Amino acid sequence: MLDLRLIRERPEWVKERIRLKGDNVDAEVDRIVELDRRRREIIVEAEALKHERNIVSDEIAKRRRLGQPAEELIERMRDISDRIKWLDGKLSEIERELDSLLLIIPNLPHESVPIGEDESGNVEVMRWGEPRQFDFEPKPHWEIAQLLGIIDFERGVKLSGSRFYVLTGLGARLERALISFMIDLHVEKHGYTEVFPPFMVRRDCMVGTGQLPKFEVEAYVCERDDLWLIPTAEVPVTNLHRDEILDREMLPLKYVAYSACFRREAGAAGKDTRGIIRVHQFNKVELVKFVEPERSYEELESLVKDAVEVLELLGMPYRVVEMCTGDLGFAASKKYDPEVWMPGQGRYVEVSSCSNFEDFQARRANIRYRPAKGAKLRYVHTLNGSGLAVGRTLAALLENYQQEDGSVIIPEVLRPYMGGVERIEPQSRRK
RNA sequence: GGAGUGGUGCCCGAGUGGACGAAGGGGCGGCUCUGGAAAAGCCGUAGGGGCGGCGAAUACCGUCCCUCGCGGGUUCGAAUCCCGCCCACUCCGCCA
């Protein structure tokens, strides 16, 4: 949510910044400015009347105590009260509309974000590692997995429909190993606090981080209970501190959380239909930070570093892409997407997404802190990033570590988590 | 799911129609006392919003309004009475 004052004072600038995101909210902004003006007009009148009501009310009480008549005062109060009631009704009507508009206005891009219309305007900001040279044709992960017998696509469909799959045997073990490895890294080396959140949340949480009200069709919901399946651990973890006032000494707060993630992938028909790149349920290890506004952009850089270290330790080449204004999404001010090299497909695939939301989420979720003793409260800045998407990392690992005989070598850092397994052999060669 | 109890400030807790933004206690901050501390005493300690002043300010000053879980109602007037909702806890049922 943007600051209403900002929209009031610089509406044209706000419109312009949002147009850079490929969104047009000119009409909404104009309406907000108009509603805001009417809101304040009404407040002025209503408050003057309420002031009068308080004074007359005291006078009535005083006369009652002294046993004096107060009929003509009470008569006058009736009119005042009616008028107040009418004004307050009008006011809440206006505020309802105002709030619903404010919730669908996207965040503004940070000034450092490159301007562009779509993903073609994104900028590669770094590259790490040399893609391995194969002396055979590298396979895509779904073929490798089939050979190894570690992903069961058919039965996934039988259980839950398309875009679901089942991990079995060492595949399941590998998924679990990756989760533990990532969490341990972020806890032990990077100083994050581990959190195991609920996977279903109330509507308020989804509004707090920005998934609702605008992107309702993207989410799964248990309607009977109005509980929403989280599309990312960002939702429960950011909302941990909803409606809280944090101590400055606590900042920055850094959390790492594993969760399953649920996405309807509405509008993604035909995209990434093979393999496990785009599915309705996947595992992810998420990093979330709450920081002081002044430091949020440094914290974004270190967040990216923390995330890509996973790829470095796993020995997989990657690049980091900075999103342009047109590809930023609804809530982010600035965003980097680390992408891992997938030799079986000959392309880089997004395995993380690291964003600074500035105070956009904090304002929605009402997360504040006191900068100093006696100082006024401020909104914190929130950030988050995948560290990493587990399914895609597993897929990349299969493709990067595949051998000509169809086996896949397990990177050394994962072996302790794999019970010492060094290599997954094709099913036909296992007994 | 059934029955019951309850939601008040940073925390505990009083308050069943008017002098209550709210007793009392705790915590925290400041001051007095002290060589220093403890104890004791005094003072101060919520958030949001509007208007005006000054301004770069979401810094500061003044003033007013709102907020006792949330929303509505009764009343001249509601923390207090009525209705609906949400949440927490206890017991029963069910359950990993």
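Chain letters run A, B, ... following the sequence lines, proteins first, then strands; residues in each count from 1. Keep in mind it's a predicted model, so treat the numbers as computed, not measured.
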For this session: For B/G93 and B/G48, measure between their C1' atoms and round to the nearest Å.
Result: 44 Å

Exercise. Would you say A/N54 reaches B/C65's phosphate, i.e. side-chain N/O to OP1/OP2 under 4.0 Å?
Worked result: yes

Exercise. Given the P atoms of B/C20 and B/C65, what is the spacing between them in whole Å?
Worked result: 16 Å

Exercise. Quick one: do the A/Q361 and A/T382 side chains pair a donor with an acceptor below 3.5 Å?
Worked result: yes

Exercise. If the P atom of B/A40 is compared with that of B/U58, how far apart are they to the nearest Å?
Worked result: 44 Å

Exercise. What integer distance in Å separates A/E72:CD from B/G77:P?
Worked result: 16 Å

Exercise. Just checking, any donor-acceptor pair under 3.5 angstrom between side chains of A/K289 and A/S302?
Worked result: yes

Exercise. B/U8 and B/A14: how far apart are their C1' atoms, nearest whole angstrom?
Worked result: 10 Å

Exercise. When the C1' atoms of B/G18 and B/A78 are considered, how many whole Å apart are they?
Worked result: 10 Å

Exercise. Are A/H280 and A/F164 near enough that their ring centres are under 6.0 Å apart?
Worked result: yes

Problem set entry | Pairwise 5' ranking along RNA chain B for A/D3 and A/D58, keeping only the more 5' one | A/D58

For this session: Report yes or no: does A/N356 contribute a side-chain atom to a donor-acceptor pair with the main-chain N or O of A/E358 at less than 3.5 Å?
Result: yes

For this session: Scan A/R39 against the nucleic acid and name what it touches under 4.0 Å (heavy atoms): base, sugar-phosphate only, or nothing.
Result: sugar-phosphate

Problem set entry | Spacing of the C1' atoms in B/G35 and B/C42 (rounded, Å) | 23 Å

Exercise. Starting at CG of A/D204 and ending at P of B/C85, how long is that distance when rounded to a whole Å?
Worked result: 18 Å

Problem set entry | A/D247 CG to B/A46 P, straight-line distance once rounded to whole Å | 16 Å

For this session: For A/R8, answer base if it contacts any base atom (sugar-phosphate contacts may also be present), sugar-phosphate if it contacts only those atoms, and nothing otherwise; contact means non-hydrogen atoms under 4.0 Å.
Result: sugar-phosphate

Seminar exercise, completed: Given Watson-Crick and G-U pairs under 3.5 Å, RNA chain B in dot-bracket ([ ] crossing, | other strand) is ((((((((.[[[..)..(.....]]]((((((.......))))))((((((((......)))))))).[[[[[..)....]]]]])))))))....

For this session: Could you check how far CD1 of A/I245 sits from P of B/C28, rounded to whole Å?
Result: 19 Å

Problem set entry | OP1 or OP2 of B/C64 under 4.0 Å from side-chain N/O of A/H51 | no

Seminar exercise, completed: note: A/D225, atom CG; B/C86, atom C1'; distance rounded to Å ~ 14 Å

For this session: Please state the C1' separation for the pair B/G84 and B/U74 - nearest whole angstrom.
Result: 15 Å

For this session: Taking atom CD of A/E111 as the centre, report whether more than 12 heavy atoms of other residues, nucleotides or ligands fall under 6.0 Å from it.
Result: no

For this session: Starting at atom CG of A/D99, determine the distance to atom P of B/G48, rounded to an integer number of angstrom.
Result: 16 Å

Problem set entry | For A/I276, all residues meeting side-chain contact (heavy atoms from CB on, under 4.5 Å), sequence neighbours excluded | A/H141, A/I151, A/F153, A/Y165, A/L394, A/A395

Exercise. Taking atom P in both B/G13 and B/G71, what distance in whole Å separates the two?
Worked result: 25 Å

Exercise. Starting at CD1 of A/I43 and ending at P of B/U67, how long is that distance when rounded to a whole Å?
Worked result: 14 Å

For this session: Specify whether A/Y220 and A/F262 have parallel, tilted or perpendicular ring planes, treating 30° as the upper limit for parallel and 60° as the lower limit for perpendicular.
Result: perpendicular

For this session: May I ask you to check whether A/E175 and A/N283 show a side-chain donor-acceptor distance below 3.5 Å?
Result: yes

For this session: Check every strand shown and say whether A/R368 touches a base, only sugar-phosphate, or nothing at a heavy-atom separation below 4.0 Å.
Result: sugar-phosphate

Exercise. Does A/Y297 have its ring centroid less than 6.0 Å away from the ring centroid of A/H110?
Worked result: yes

Exercise. Given B/G48, is OP1 or OP2 found less than 4.0 Å from the side-chain N or O atoms of A/N366?
Worked result: no

Seminar exercise, completed: 5' to 3', nucleotides 68-76 of chain B under a 4.0 Å protein heavy-atom cut-off (B base, S sugar-phosphate only, - none) gives ------S-B

Exercise. Atom CZ of A/R363 to atom C1' of B/U58: distance rounded to whole Å?
Worked result: 9 Å

Seminar exercise, completed: Against the side chain of A/E47, the closest entry in B/G50, B/C86, B/G48 is B/G50

Exercise. Heavy atoms under 4.0 Å, any strand shown: does A/L377 hit a base, just sugar-phosphate, or nothing?
Worked result: sugar-phosphate

Seminar exercise, completed: Comparing nearest nucleotides in RNA chain B, the 5'-proximal residue of the pair A/R202, A/V44 is A/V44

For this session: Report yes if a side-chain nitrogen or oxygen of A/R5 is closer than 4.0 Å to either non-bridging phosphate oxygen (OP1 or OP2) of B/G48; otherwise report no.
Result: no

Exercise. Of A/R378, A/R370, A/R248, which is the lone residue that meets salt bridge (charged side-chain N to carboxylate O under 4.0 Å, His left out) with A/E292?
Worked result: A/R248

Problem set entry | Sub-6.0 Å ring centroid separation between A/H186 and A/Y258 | no

